[in-house]
Amino acid sequence: MDMGGESKIRNRLGEESSLYLRQHADNPVAWQPWDDEALALARELERPILLSIGYSACHWCHVMAHESFEDEATAKVMNDLYVNIKVDREERPDLDKIYQLSHQLLTGRGGGWPLTLFLDPEDHIPFFAGTYFPVAPRYGMPSFGDVLRRARQWFDANPAEARDQGRRLQQAIESIQAAPAPASPPAEADTAFDDVTDLVRTAARDLLARFDKRNGGFGGGPKFPQAPLLELAAQIGASGVDHAAEVEQALISSLEKMAASGLRDHLDGGFFRYCVDDSWTIPHFEKMLYDNAQLLPLYAEAANRSGSASLGRAAEGIVEWLREEMLQENGGFSASIDADADGEEGGFHVWQRDEVRDLLDEEAFSLFAEHYGLAQPPNFENKAWHLVGNVESGGDPTPLEAARQAVRAAREKRVRPTLDPKQITSWNALAAGGLLRAARATSRDDWIELGQGALDFIREQQWDGKRLLAVHNAGESRFAGYLDDYAFTLEALLESLRTAWRTLDLDFAMALADAMLLRFEDEKSGGFFFTDCEQPAPIARSMVVQDDATPAAYAIAVPALQQLAALVGDNRYLDAAGRALARARGGTEQHSLAFASAARAAIIASRPPPQVLIRGSDAEKSTSLKQWLEGALAVHCYLIPADVADAGQHLPGLLKAVATEAPVTAWVCQGMRCLPPVNSREELRSLLGI
């Protein structure tokens, strides 16, 4: 075993733009970024790679860093035995996904962060995997130093077994990625889910079985929002099948309780990533752009359906947090806010009762304490209070606002948790789409401006005319875009066209869809890989249909392509979506909740909303017709400004027929053909049967 003196390899992370990587630039560990130089070094030295994956807002990543990576003795063992590579999972989700799957296959357990793997220097296949390891033996785990030595000893002593295990792991991963045979093969790919009644009923039954009637949400602690699952619940709630009303009520109850709970920051309106308990009381305190981006439209649309003021306030709070905490000058949004502040988890957020009492008069304190739990025993480590709302009072009513603002102003004087300013294309696309959906539900023009501003950031900074880039940081855009960058942006562009038509969004959507098919589609078996065809992929090229904290981009691509095909009359998009649906059918039917976004895509494909194109010389009448229609029916409605053709813009496909001199005209389109135009609300009502 190579223990012949301390390694002279230098730590190269100070040259990186990633906040997470730079947080480790002063470690005594000779960290390398994942690049050709580091991989070549491992081959040259014939040393295995120690791969550590995490992100800047991750609490346990910080713990392991402080315990082990800042420890001189541990660092010496790492440097003597391994080439040490640190990866920001938010920059390289491709690496994170393939190595999380590897961890699951090697250990039989789910992974997480920090993710710790030991890789063969030649093929980069892991031979041992874990997550957090303590610096000294505890929690029933060996010390990290012991793990380091034993893993290297085993690798050196068992080269044949290591190679054989690597081959078996690669075969297992490739098998998982292979195209499965559907449970009942469809005659045509684009009719893969003609009848989804059984799928919807099964998903409804499974959702209700997992629903926590007492606390809301689906499942137990630790408890995550599971936004893709909530989107499926909303889809089923509107389906009219058996138990649809019960699913809708479970969704509304969950959203209400989450908004009142400790999952939400009641001072700035943002939601934390998850809670450690099943009652939504104490969170891990990091806040992620992607969670809030997904929750926003769910709250806004549920408020619109139910008339709930508290759900509406929750939506407004998320936008307040996006605007005040996350928005950057270029129109895009930052990635995350750390769980820790001044070295203490939750230190920015928790309170002593007397701290709050000193900020408010007696009447205001009594009201605030009763509403946010200060009248109860301490809920955070038996010594402090994390604010938890009172669901019965509807959350943040007007009399509390002045007190809330006073407490928030006092909190601003504390050491703030670190903001990670990197801008991730896919998460910004989620934010853009969420803002635009929420704007339609609430008629908030300022939210349209925010959403389209994020899309402009993506188009201007992350699109080079042929491909998307995944991350923008320190003025530089880097890394070939992943499938979620393309799929989420395409979905957001279609939301923009439905909300406030801009022809530049249509042009971008078509270019993006073409690039997505070229770079990501498996032309042989259908479906979409996660990585660009030009991007090297360790072990195997991933194809991911199962959701995690964000929806599977594979599943989001399907309805987006179908919607674009219906709009512009291009069968290529429709055919690609159909092939992807057919490939995903088996997994979706067997595991509808794990494949929630794919199940939702199947429901939409089987029962696509009517598409209505509106145009006319009278802008006020055209807008009024669109607003009425969207309030009366689930519909894809586009209001195309009268001056689009006059501006010399090209309208493809079905849009070529959208020409009128009447004050207002509507075309109802089914599939690839449009019915004769109508000019009044009454005619449109008759045509649509509403």
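Bear in mind that the values here come from a model prediction, so they are computed numbers and not experimental data.
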Q: My understanding is that only one of R273, R411, R404 makes a salt bridge (charged side-chain N to carboxylate O under 4.0 Å, His left out) with D265; could you say which?
A: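 Single salt bridge (charged side-chain N to carboxylate O under 4.0 Å, His left out) partner of D265 among R273, R411, R404: R411.
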
Q: Decide yes or no for P283 and C275: does some side-chain heavy atom of the first lie under 4.5 Å from some side-chain heavy atom of the second?
A: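 Heavy-atom side-chain distance check passes, below 4.5 Å.
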
Q: Please determine if K287 and D268 form a salt bridge, counting it only when a charged side-chain N lies under 4.0 Å from a carboxylate O.
A: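 Salt bridge: yes.
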
Q: Can we say K97 and D548 salt-bridge, meaning some charged N sits less than 4.0 Å from an Asp/Glu carboxylate O?
A: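 A salt bridge is present here (some side-chain N lies under 4.0 Å from a carboxylate O).
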
Q: On the 0 to 90° scale, with breaks at 30° and 60°, tag the F133-F128 ring pair as parallel, tilted or perpendicular.
A: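 Plane angle under 30°, so parallel.
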
Q: Count the heavy atoms of every other residue, nucleotide or ligand shown that sit under 6.0 Å from CD of E320, and state whether that count exceeds 12.
A: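 Correct, the count exceeds 12.
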
Q: Under a 4.0 Å threshold between the charged nitrogen and the carboxylate oxygen, would D212 count as salt-bridged to R214?
A: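 No, no charged N to carboxylate O under 4.0 Å.
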
Q: Could you walk me through whether H349 and F272 pass the ring pair (Phe, Tyr, Trp, His ring centres under 6.0 Å) check?
A: CA-CA 11 Å; H349 298 283; F272 300 106; 5.0 Å; yes

Q: Answer whether the closest heavy-atom distance between the side chains of M78 and L50 falls below 4.5 Å.
A: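 Result yes, sub-4.5 Å side-chain heavy-atom pair found.
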
Q: Which pairs with one or both residues in residues 115-125 pass side-chain hydrogen bond (donor to acceptor under 3.5 Å, both in side chains), sequence neighbours excluded?
A: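 Listed once each, the pairs would be none.
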
Q: Is it the case that the side chains of S336 and E286 hold a donor-acceptor pair, with the cut-off being a distance below 3.5 Å and no angle test?
A: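 Per modelled atom types, E286 and S336 side chains form no pair under 3.5 Å.
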
Q: Do D80 and K76 meet the salt-bridge criterion of a basic N to acidic O distance under 4.0 Å?
A: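 Yes.
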
Q: Apply salt bridge (Lys or Arg N to Asp or Glu O under 4.0 Å) to the pair D156 and R152, showing each step before the final yes or no.
A: CA-CA 6 Å; D156 289 344; R152 180 63 191 272; 3.0 Å; yes

Q: Please evaluate residues R408 and E324 with respect to the criterion salt bridge (Lys or Arg N to Asp or Glu O under 4.0 Å), reporting the C-alpha separation (whole Å), side-chain torsions for both, the decisive distance (0.1 Å), and the verdict.
A: CA-CA 13 Å; R408 182 179 180 183; E324 296 189 11; 3.0 Å; yes

Q: Do you see a donor-acceptor pair shorter than 3.5 Å between the side chains of Y274 and Q226?
A: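 No - no donor-acceptor pair under 3.5 Å links their side chains.
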
Q: When you compare the side chains of K86 and Y20, does any donor N or O come within less than 3.5 Å of an acceptor on the partner?
A: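 The answer is yes; a qualifying pair exists.
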
Q: Just wondering, do F118 and L148 contact through their side chains at under 4.5 Å, heavy atoms?
A: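 A side-chain contact exists here, since the closest heavy-atom pair is under 4.5 Å.
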
Q: Checking the side chain of D547 only, and the main-chain atoms of A596 only, is there a donor and an acceptor separated by less than 3.5 Å?
A: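 Yes; judged by distance alone, with no hydrogens or angles, the pair exists.
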
Q: Would you say that D291 contacts F271 through its side chain, given a criterion of any heavy-atom pair below 4.5 Å between the two side chains?
A: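 The answer is no; the side chains never approach within 4.5 Å.
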
Q: Pairs in or reaching into residues 71-134: which pass disulfide (SG to SG under 2.5 Å), with residues at least two apart or in two chains?
A: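 For residues 71-134, and leaving out neighbouring residues, there are no disulfide (SG to SG under 2.5 Å) pairs at all.
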
Q: Would you compute the distance between atom CH2 of W113 and atom SG of C61 and round it to the nearest 0.5 angstrom?
A: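 Between atom CH2 of W113 and atom SG of C61 there are 9.0 Å.
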
Q: Checking Q104 side chain against G111 main chain: does a donor-acceptor pair fall under 3.5 Å?
A: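 A pair under 3.5 Å: no.
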
Q: Just wondering, do F218 and L207 contact through their side chains at under 4.5 Å, heavy atoms?
A: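 L207 reaches F218 side chain to side chain.
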
Q: Is there a side-chain contact between I49 and Y82, using heavy atoms and a 4.5 Å cut-off?
A: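 They are not in contact (no side-chain heavy atoms under 4.5 Å apart), so the answer is no.
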
Q: Is the shortest distance from a Lys or Arg side-chain nitrogen in R10 or E15 to a carboxylate oxygen in the other one below 4.0 Å?
A: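 Yes.
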
Q: Determine yes or no for a side-chain-to-main-chain donor-acceptor pair under 3.5 angstrom, with N473 supplying the side chain and S17 the backbone.
A: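 Indeed, once roles are kept as given, a pair shorter than 3.5 Å links the two residues.
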
Q: Determine, step by step, whether F479 and H472 satisfy the side-chain contact (heavy atoms from CB on, under 4.5 Å) criterion, reporting the C-alpha distance in whole Å, the side-chain angles of both residues, the deciding distance to 0.1 Å, and the verdict.
A: CA-CA 9 Å; F479 305 109; H472 185 80; over 6 Å; no

Q: Please determine whether the number of non-hydrogen atoms from other residues, nucleotides or ligands lying under 6.0 Å from atom CG of D358 exceeds 12.
A: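 Buried by this count: over 12 neighbours within 6.0 Å.
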
Q: Sequence neighbours left out, what pairs pass disulfide (SG to SG under 2.5 Å) with at least one residue falling in residues 95-170?
A: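 As it turns out, there is no disulfide (SG to SG under 2.5 Å) pair with a partner in residues 95-170 once direct neighbours are skipped.
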
Q: Where the side chain of D71 meets the backbone of E67, is there a donor-acceptor pair that is under 3.5 Å apart?
A: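 A pair under 3.5 Å: no.
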
Q: Around E46, counting heavy atoms of other residues, nucleotides and ligands shown, do more than 12 lie under 6.0 Å from its CD?
A: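 Incorrect, the count does not exceed 12.
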
Q: Please tell me if the side chains of W60 and T131 come closer than 4.5 Å, counting only heavy atoms from C-beta onward.
A: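 No, side chains not in contact.
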
Q: Apply side-chain contact (heavy atoms from CB on, under 4.5 Å) to residues D420 and I337 and explain how you reach the verdict.
A: CA-CA 6 Å; D420 188 340; I337 298 176; over 6 Å; no

Q: Is there a donor-acceptor pair closer than 3.5 Å between any side-chain N or O of S143 and the backbone N or O of A136?
A: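 No, S143 side chain to A136 backbone: no donor-acceptor pair under 3.5 Å.
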
Q: Please check if any side-chain donor atom of E345 sits under 3.5 Å from a side-chain acceptor atom of H284, or the reverse.
A: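 Yes.
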
Q: Taking W280's backbone N and O only, do any of them form a donor-acceptor pair with D277's side chain (distance below 3.5 Å, no angle check)?
A: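 Between the backbone of W280 and the side chain of D277 there is a qualifying donor-acceptor contact (under 3.5 Å).
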
Q: If the threshold is 4.0 Å, N to carboxylate O, is there a salt bridge linking R478 and E90?
A: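 Looking at E90 together with R478, the answer is no, because their closest N to O distance does not fall below 4.0 Å.
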
Q: For the backbone of M258 and the side chain of S261, can you confirm whether one donor and one acceptor N or O come within less than 3.5 Å of each other?
A: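 Side chain of S261 to backbone of M258, a donor-acceptor pair under 3.5 Å: yes, one is there.
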
Q: Mind telling me whether F595 and H591 have parallel, tilted or perpendicular rings, with 30° and 60° as the class edges?
A: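 H591 vs F595 ring planes: parallel.
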
Q: Run the side-chain contact (heavy atoms from CB on, under 4.5 Å) check on L295 and I318 step by step: do they pass?
A: CA-CA 8 Å; L295 290 172; I318 293 172; 4.0 Å; yes

Q: Is the closest basic N to carboxylate O distance between R168 and D164 below 4.0 Å?
A: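 A salt bridge links R168 with D164.
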
Q: Any carboxylate oxygen within less than 4.0 angstrom of a Lys/Arg side-chain nitrogen, looking at E16 and R12?
A: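 No, E16 and R12 are not salt-bridged.
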
Q: Taking the six-membered ring of Y55 (Phe, Tyr or Trp), confirm whether the NZ or CZ of R89 is under 6.0 Å from its centre and within 45° of its axis.
A: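 The answer is yes; both the distance and angle limits are met.
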
Q: Identify whether the distance between the nearest side-chain nitrogen and carboxylate oxygen of R414 and E355 falls below 4.0 Å.
A: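 A salt bridge links R414 with E355.
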
